[in-house]
Protein chains: 2
Amino acid sequence: MNNNLLLEKQLCFRLYSLNKLMCRLYVPVLKELALTYPQYLVMMVLWQYKAGISVKDLGAQLDLDSGTLSPLLKRMEKQMLIKRERDSTDERVVLIKLTQKGVELQKSAEHIPAKMFVVTGLSPDKLQELNLTLDQLIDNLGD
Amino acid sequence: MNNNLLLEKQLCFRLYSLNKLMCRLYVPVLKELALTYPQYLVMMVLWQYKAGISVKDLGAQLDLDSGTLSPLLKRMEKQMLIKRERDSTDERVVLIKLTQKGVELQKSAEHIPAKMFVVTGLSPDKLQELNLTLDQLIDNLGD
DNA sequence: TATAATTACATTGCACACAATTAAATTGTG
DNA sequence: CACAATTTAATTGTGTGCAATGTAATTATA
């Protein structure tokens with residue numbers, strides 16, 4: 001009887017469970033900003049690229065393709081968080097830019113990282129170590 | 001300028017990315033078994049509960065609700081991997097049991113954990129340590 | 001410079017996740 | 001026993017992920 005196929009033994013199941021748990025913990029926090037979890041990730045990129053970023057580059061940062069991003073960005077545009085405009089120098093490119101509302105939302109988000117850190121219950125050292133291990137793993141699994 | 005909202009600093013983004021990377025690595029492996037990733041997780045539980053398990057208990061193991069499991073299990077039933085039958089002692093309960101095909105699929109899956117371990121590129125010790133840290137985190141975030 | 005190949009994005013279809021609601025069966029209580 | 005509360009699944013609707021395909025714009029090549 002092979003017992004390697006037990007759920008509890010799988011790293012993949014831990015990552016799957018943790019990702020879901022993490023998302024759920026963000027839900028009430030992000031509800032105040034009227035953002036979903038993936039939308040929050042998009043906003044973090046946009047707050048970093050205030051001049052605007054192409055859908056392609058945004059997808060590279062988040063590791064998402066246009067099949068995911070196109071409808072997601074449309075919903076965010078409907079919420080007036082972003083604008084979408086064609087790059088005049090290359091009409092294939094769609095540039096994503098924050099609206100004033102999108103820029104201002106950053107202020108309401110600045111407390112989130114510290115808040116979520118507390119929830120993890122990890123010491124700063126332990127978190128740092130975990131982040132390094134996960135980065136190594138991401139690199140190993142990397143595309 | 002607050003830089004805590006950088007994607008690279010977020011534990012949540014690492015978990016989000018790793019979960020996706022992991023799923024993608026399983027796809028070609030699971031394709032041979034004609035299983036999706038969540039279906040594989042369900043199968044692991046069922047290979048452990050050969051006598052059958054209720055949808056509720058299955059959901060408790062996987063941390064999934066009936067909104068996810070009901071359609072997923074129907075698809076697995078259509079593939080003849082499982083049977084679904086009402087518990088005669090409590091008609092509210094639906095018992096999930098493997099078909100012969102479902103039982104036999106385990107043989108084709110037994111090579112997967114070792115195969116995926118190699119892909120992680122982690123030493124056994126490092127994997128063990130990571131698993132412990134993740135378990136602690138799951139516990140801290142836990143329901 | 002035609003046209004073939006590539007690039008960037010959108011669209012379609014399928015499979016999760018999950019909140020909210022519904023429906024049926026069972027249990028608890030007066 | 002009657003009836004309210006609880007339990008278990010199924011259903012509905014929304015929002016991702018992602019493969020596959022379509023389309024328009026740009027670039028490369030004969």
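Because only heavy atoms are used, hydrogens play no part in the values below, and waters and symmetry mates are left out as well, while side chains stay in. Residue numbers start from 1 in every chain, and the chains themselves are labelled A, B, ... in the order their sequence lines are given, proteins ahead of strands.
Atoms CZ (R24(B)) and P (dC16(C)) sit 17 Å apart, rounded to a whole Å. As a whole-Å value, the separation of K20(A) NZ from dC16(C) P is 12 Å. The separation between L72(B) atom CG and dA17(C) atom C1' is 10 Å, rounded to whole Å. Following rounding to the nearest Å, D65(B) (CG) and dA15(C) (P) show an atom-to-atom distance of 18 Å. In this structure, L62(B) places its CG atom 18 Å from P of dA15(C), rounding to the nearest Å. We find that CD1 of I53(A) is positioned 13 Å from P of dA8(C), with the value rounded to whole Å. Between L64(B) atom CG and dA15(C) atom P the separation is 16 Å, expressed in whole Å. For the pair Y26(B) OH and dC16(C) C1', the computed distance is 18 Å after rounding to whole Å.
Projected onto DNA chain C by closest heavy-atom contact, Q39(B) and D57(A) fall at different nucleotides, the more 5' of which corresponds to D57(A). Each of L95(B) and G67(A) was matched to the nucleotide of DNA chain D holding its nearest heavy atom; the match closer to the 5' end belongs to L95(B). Nearest-nucleotide positions on DNA chain D place P71(B) closer to the 5' end than the other of R75(A) and P71(B).
Within the 4.0 angstrom heavy-atom criterion, only backbone atoms of the sugar-phosphate kind lie near K74(A); the bases stay farther away. Among the protein residues, T68(A) comes within range of the nucleic acid bases, having at least one heavy atom under 4.0 Å from a base atom. Among the heavy atoms of the strands lying under 4.0 Å from T36(A) are primed sugar atoms or P, OP1, OP2 only; no base atom is included.
Between the side chains of Y16(B) and Q10(B), no donor N or O sits under 3.5 Å from an acceptor N or O.
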Go through the steps to decide whether L21(A) and L15(B) satisfy the test side chain to side chain contact (heavy atoms under 4.5 Å, CB included), and finish with yes or no. CA-CA 10 Å; L21(A) 284 175; L15(B) 294 172; over 6 Å; no
Report the C-alpha separation of D87(A) and T89(A) in whole Å, then their side-chain angles, then the decisive distance to 0.1 Å, and conclude whether the side-chain hydrogen bond (donor to acceptor under 3.5 Å, both in side chains) test is met. CA-CA 5 Å; D87(A) 185 337; T89(A) 70; 2.9 Å; yes
So Y37(A) and V27(A), side chain to side chain contact (heavy atoms under 4.5 Å, CB included) or not? Walk me through it. CA-CA 7 Å; Y37(A) 188 71; V27(A) 167; over 6 Å; no
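The partner of dC9(C), taking Watson-Crick or G-U wobble pairs whose two distances both stay under 3.5 Å, is dG22(D).
With a 6.0 Å radius and a threshold of 12 heavy atoms from other residues, nucleotides or ligands, K20(B) has its NZ atom above the threshold.
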Please list every donor-acceptor pair under 3.5 Å in which a side-chain atom of residues 64-74 of chain B meets a protein atom from a residue at least two apart or in another chain.
residue, atom, partner, partner atom, Å
D65(B), OD1, G67(B), N, 3.1
D65(B), OD1, T68(B), N, 3.1
S70(B), OG, S66(B), O, 3.1

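Between L137(A) and L11(A), the closest heavy-atom pair is CD2-CD2, 3.9 Å. Smallest separation of non-hydrogen atoms from I138(B) and S17(A): CD1-CB, 4.5 Å.
The hydrophobic cluster around V93(B) extends to L95(B), counting ILVMFWY residues whose side-chain heavy atoms fall within less than 4.5 Å of a member.
In 5' to 3' order, the nucleotides of DNA chain D bounding all contacts with chain B (an atom under 4.0 Å from a heavy atom) are dT7(D) to dC18(D).
If you check residues 83-94 of chain A against DNA chain C, the residues with a heavy atom closer than 4.0 Å are R84(A), R92(A), V93(A), V94(A), listed by number.
K83(B) and E77(B) are not joined by a salt bridge, as no carboxylate oxygen comes within less than 4.0 angstrom of a charged side-chain nitrogen.
For R86(A), there are no salt bridge (charged side-chain N to carboxylate O under 4.0 Å, His left out) partners, not counting sequence neighbours.
Ring geometry for W47(B) versus Y40(B): interplanar angle over 60°, hence perpendicular rather than tilted (30 to 60°).
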Write out a two-atom table: protein N or O, nucleotide N or O from nucleotides 2-5 of chain C, distance below 3.5 Å.
none

